[in-house]
Amino acid sequence: MKKILCVCLGNICRSPTAEGILQNTFEEKGFTEGTDFFLDSAGTGGWHVGEPPDKRSVLVCQKYGIDISNLRARKLEISDGERFDLLLGMDQENIFNIQEIIPQRYHQKIFLFDDSEVSDPYYGTEESFKQMFRQLKKASERWLNN
Ligand code: 4NP
């Protein structure tokens, strides 16, 4: 079973959206959560721990039939390095922050979710969230076979 952790800064905008999209993408291809794959998301910062995703992320996902409203933010933990096969960060700063929390021996599991950075939409507009969704959706396909 492939275990993937999506990571961003606050765990309320990008990484819960990425988690929802991956779940949707994998299930569309006939894979089953719990047997074929396991997904979660976390933030390197703890400001929003316990909160649901940002309403704008919930809305853009809803438009594509993906429900992320039940997700709750948590902070990245040291043990996530051992528990997951892939830790997918959203931008370069994110990658550095993940490397600070996760022990060195697991750093080969850390990658950018996409070739280019997924920029933080938190202070952006509705369009920023649509753009984020499109980028994450496109990039999600590659993680089917990796
Ligand atoms: P995210 O966006 O990392 O995509 O969840 C952010 C949400 C909140 C904050 C930063 C980024 N914040 O500083 O509160």
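Whatever order the structure lists them in is the order used to number ligands and atoms, beginning at 1. From a predicted model like this one, the values you see are computed outputs, not experimental measurements. All values below come from the heavy atoms of this structure, side chains included, with hydrogens, waters and symmetry mates left out.
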With a 3.5 Å cut-off and no angle check, do the side chains of Q131 and S119 form a donor-acceptor pair? no

Side chains of E33 and Q23: do they bring a donor and an acceptor to under 3.5 Å? yes

Can you tell which part of N11 has a heavy atom less than 4.0 Å from ligand 1: side chain, backbone, both or neither?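 The backbone, only.
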
I want to know whether F37 and F26 have ring centres closer than 6.0 Å. yes

Before accepting this row, confirm whether a basic side-chain N of the pair [X]/[Y] lies closer than 4.0 Å to the acidic partner's carboxylate O.
X: D36; Y: K29; answer: no
X: E127; Y: R134; answer: yes
X: K3; Y: D40; answer: no

Identify the protein heavy atom lying closest to atom 1 (P) of ligand 1, giving its residue, its atom name and the separation to 0.1 Å.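 Sorting protein heavy atoms by distance from atom 1 (P) of ligand 1 puts C8 SG, 3.5 Å first.
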
Shortest protein contact, atom 2 (O) of ligand 1 (heavy atom only):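 For atom 2 (O) of ligand 1, the nearest protein heavy atom is D120 OD1, 3.1 Å.
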
Note: heavy atom closest to atom 8 (C) of ligand 1, options M90, R14, H48, belongs to H48

Would you mind listing which atoms of ligand 1 come within a distance below 4.0 Å of any non-hydrogen atom of [X]?
X: I12; answer: 5 (O), 7 (C), 8 (C)
X: G10; answer: 1 (P), 3 (O), 5 (O)
X: C13; answer: 1 (P), 2 (O), 4 (O), 5 (O)
X: L9; answer: 3 (O), 10 (C), 11 (C)

Partners meeting ring pair (Phe, Tyr, Trp, His ring centres under 6.0 Å) with Y64 (sequence neighbours left out):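 Y64 satisfies ring pair (Phe, Tyr, Trp, His ring centres under 6.0 Å) with F133 only.
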
Any heavy atom of M132 closer to ligand 1 than 4.0 angstrom? no

